[in-house]
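A short write-up of the structure that comes next.
All chains are named by letter (A, B, ...) in the order of the sequence lines, taking the proteins before the strands, and each is independently numbered beginning at 1.
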Amino acid sequence: MLKMSTLFLRTLRDDPADAEVASHRLLVRAGYIRRVAAGIYSWLPLGVITLRNIENVVRQEMDKAGFQEVHFPALLPREAYEVTHRWEEYGPSLFRLQDRKGGDYLLGPTHEEMFTLMVKSEYSSYKDLPLSIYQIQTKYRDEARPRSGIIRGREFVMKDSYSFDIDDAGLDISYQKHRDAYIKCFDRLGLRYNIVKAVSGAMGGSRSEEFLAPCSTGEDTYVLCPSCGYAANVEAMVTKVAASDPSGIPSLEELDTPNTPTIDLLVAVMNEKFGGGYTAADTLKNIMVIADGRALAVLVPGDREVDLKRMQENLSGVHELRVFEEADFAQYPQLVKGYIGPQDVKAFGITLYADPRVAPGTSWISGANKKDLHARFVVNGRDFIPDAYIEAAEVRAGDSCPECATEIVIDRAIEIGHIFQLGRKYADALNLTVLDQNGKSQVVTMGSYGIGVSRAVAAIAEQTSDEIGLNWPVEIAPAKVHIVATGKDDLPFDTALQLGRDLEALGISVMLDDRRDASPGVKFKDAELIGNPIIVVVGKALVDGNVEVRVRKSADKSEVALSLAVSAIASLLT
RNA sequence: CGGGGCGUAGCGUAGUGGCUAGCGCGCCUGCUUUGGGAGCAGGAGACCGGGAGUUCGAAUCUCCCCGCCCCGACCA
């Protein structure tokens, strides 16, 4: 039983000055966490209990699914990360350090290498597969900008699992088992979430989904269809536009358009020339970009910006994507800035991509690749042919759902889980192979699956807290019942203690406010701030043989006979 | 890394060159109080983020450094 008279806890009456989001403010005020450095927090008893409760839910669901728990060090030697080039590629986000002999070490930001190497050293036959192993471990990432308290820290607790299979069919099964286990997990944690398609690669790559907990302070943006439930990361949102029939569209016509290097000016000139009716959506924006040093052209409707992040995610293997700078234009003197059109960029040796919104058969107003000239009736398939289609245009609320054409909404969320078919990247790099039935060596295929355990504390706090404090779901609260004893006599205190013992005998965890010197108001405020689901007040009502039972979430109160209190409380908790 | 804000006691804050750095919460002692952050009285607690400088005099002005928060870039 957690007794407040001795609990290592000091709640704060004022919001801490350095906290802005609800979870951060309340977790500090209620005495769950304290900041040590940017993105690094200490956990006080209430915080530790809450974190453990979440860990245990995760652990139980992993174990039920048949995954086995292991544990790696956080402090790792450089070698493993050299083989996969991550010692360099991970960049400044990797905490690097040296031992006394000058040997290089790192604090693990994630453990793919270690898991892969461990399986490699233990297993060598297809008969040993499939295998899924996991750990719950502290991870270290030197984030450029830690944020929002515990939501994005530099030290955080993560559950990471890895699956190992002999073939793609096996990987699909392992992936699905994780997906099912995650659903059970997050349901038990009382989180609202959407399972969102992450970028799986337009290039037909592997499958990946994120579990996103909707919340206004979240840092992920995703699209959601209110009708069919389609949900996707903005980067993974798919655009479906049908091809149209270009017959009947007049042939391409070049137009004199001096001094109109921008879309706005172009629309104005068109409306002046042809008596109105034109908008930016009728024009074609031809954006030049550099992908890892290679020049590409991409076409989007003139009323949309190119979303570089989205485009890059859909260009597999591209590390750096940026728009043309002056120096790049200097390399391609054929390109007339402000008047670029798709009609002959391919002739300049540049690959031409088009967003799906620039569908086959559609007709556009575009640059004519000549100074002061534009063209209209520029038809996809007739006047230019894209080399490939790629999702590149920005996504907007109201765009149509690829599944059912309903207008999608855009929402914010915290990423609490991510499941991902890794494939053979790490197994290849680290040479993880097993012998198959024919005695032939086969590279193992892997999946990786993460749950942000410490982040889940914040995500749940964000979704459940209110004006007056935290408000935990039953399974993860530091105690299921918070008993407040009030008055100056021994009777309510003795009664409260006995009630606590009776509840604990039924396996119901109890926090008891047995402080003799605190006023009732302080105790009520603290109980509400700390956020346990049931608050029982043992005080005034005792003269009638009653205690008061309050439900934190609904603020419902009722008086219950002391003799019936245990069963009444137990039934509220089920 | 770019932009903005901030750093005074455990927490929240006042103090723009001049007395012993002020207030609220919290903490300690005593008395009273006990159903919505009690009252009175007394008390402890601050190298005013650090360093250098200007000045008769610096929390306050100047320079450098460090740290923290927010927006963005970045990252899962």
Check: Within 45° of the ring axis of W87(A) and under 6.0 Å from its six-membered ring centre, is that where the NZ or CZ of R96(A) lies?
Finding: yes
Item checked: Gap between atoms NZ and C1', on K557(A) and G36(B) respectively (whole Å) -> 9 Å
Next item on the list: To the nearest Å, give me how far apart CD1 (I468(A)) and P (G37(B)) are.
Entry: 14 Å
Next item on the list: For A38(A), report the nucleic acid contact type (base, sugar-phosphate, nothing); a contact means any heavy atom under 4.0 Å.
Entry: sugar-phosphate
Check: Looking for any heavy atom pair under 4.0 Å, which part of the strands does S448(A) touch: base, sugar-phosphate only, or nothing?
Finding: nothing
Notebook entry, point to check: Any salt bridge (Lys or Arg N to Asp or Glu O under 4.0 Å) pairs touching residues 490-501 of chain A, not counting sequence neighbours?
Noted result: D490(A)-R516(A)
Next item on the list: Specify the separation, in whole Å, of atom CZ of R515(A) and atom C1' of A38(B).
Entry: 14 Å
Notebook entry, point to check: Any donor-acceptor pair under 3.5 Å joining the side chain of R145(A) to the base of G4(B)?
Noted result: no
Notebook entry, point to check: OP1, OP2 of C11(B) versus side-chain N and O of R10(A): anything below 4.0 Å?
Noted result: no
Notebook entry, point to check: What nucleic acid atoms does G539(A) come within less than 4.0 Å of, heavy atoms only: base, sugar-phosphate, or nothing?
Noted result: base
Next item on the list: Establish, yes or no, whether a centroid distance under 6.0 Å links the rings of F115(A) and F164(A).
Entry: no
Check: Hey, is the side chain of R29(A) pairing donor to acceptor with the base of G37(B) inside 3.5 Å?
Finding: yes
Notebook entry, point to check: With distance as the sole test, does R455(A) use its side chain to make a donor-acceptor pair with the main-chain N or O of I151(A) at under 3.5 Å?
Noted result: yes
Check: Side chain of E528(A), base of G36(B): donor and acceptor closer than 3.5 Å?
Finding: yes
